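The structure under discussion appears below in the form of structure tokens.
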Amino acid sequence: NAGVTQTPKFRILKIGQSMTLQCTQDMNHNYMYWYRQDPGMGLKLIYYSVGAGITDKGEVPNGYNVSRSTTEDFPLRLELAAPSQTSVYFCASTGRVGLSTDTQYFGPGTRLTVL
Amino acid sequence: GEDVEQSLFLSVREGDSSVINCTYTDSSSTYLYWYKQEPGAGLQLLTYIFSNMDMKQDQRLTVLLNKKDKHLSLRIADTQTGDSAIYFCAEDALDSWGKFQFGAGTQVVVTP
């Protein structure tokens with residue numbers, strides 16, 4: 001299994017540009033997440049999904065959109081990029097079976113700079 | 001507001017034990033995790049504990065849980081230079097399961 005993969009690894013955007021951060025997992029996990037990590041800070045949840053066709057807002061959803069048309073893919077869309085969106089973005093997934101638990105598996109991250 | 005809280009920095013000498021502390025928010029059934037993040041990388045799971053346990057040991061790692069105080073700690077025995085990283089605790093409460101709450105991370109620096 002490749003686990004959780006993210007593309008691109010690095011990107012520089014100009015203010016007002018748009019882009020999509022790609023995330024794919026091959027573990028057949030139902031739950032998928034997008035986090036951002038600002039320098040010296042912890043993770044903040046942007047959006048999450050509990051299955052194909054279902055998404056919900058996290059702590060910091062403004063300026064972002066997501067979709068979940070398949071179990072494998074969970075792209076994050078930035079419209080009208082702003083300098084405040086300069087961050088490292090992590091995608092994660094987890095599978096859950098009844099009362100057992102599974103950890104979150106993280107992708108390697110996308111480092112985004114908005115100038 | 002209620003947050004998962006951690007101390008931000010820990011310096012430890014090689015060969016000593018490291019203890020990283022965390023306080024969490026939920027008093028009901030909860031899974032608690034410790035993750036390690038090395039520079040430029042994503043988070044990797046180190047260990048986890050369920051809230052009905054007091055302690056869990058896994059090789060050099062020992063997790064202690066004080067449910068009364070909602071306090072979680074991670075002890076790393078015989079700390080090595082490769083243990084230098086940021087350590088995050090995270091909570092997944094069963095009444096909001098799937099929505100993990102992460103602490104801000106503790107940067108551990110191991111000195112020779």
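The analysis underlying the following values was restricted to heavy atoms, covering all of them including side chains, and did not include hydrogens, waters or symmetry mates. Since this is a predicted model, take the numbers as computed values, not measurements.
- Only the side chain of Gln37(B) has a heavy atom closer than 4.5 Å to any heavy atom of chain A.
- If you check the side chains of Glu91(B) and Thr25(B), you find a donor sitting under 3.5 Å from an acceptor.
- Contact annotation: the side chain of Tyr89(A) approaches that of Ile46(A) to within less than 4.5 Å [non-hydrogen atoms, C-beta and beyond].
- Using a cut-off of 4.0 Å between Lys/Arg side-chain N and Asp/Glu carboxylate O, Arg36(A) and Asp38(A) are scored as salt-bridged.
- Your options are Ala90(B), Gly40(B), Ala104(B), and the one with the most heavy-atom pairs under 4.5 Å with chain A is Ala104(B).
- The closest side-chain heavy-atom distance from Asp73(A) to Arg68(A) is not below 4.5 Å.
- Glu59(A) does not touch chain B: none of its heavy atoms, backbone or side chain, sits under 4.5 Å away.
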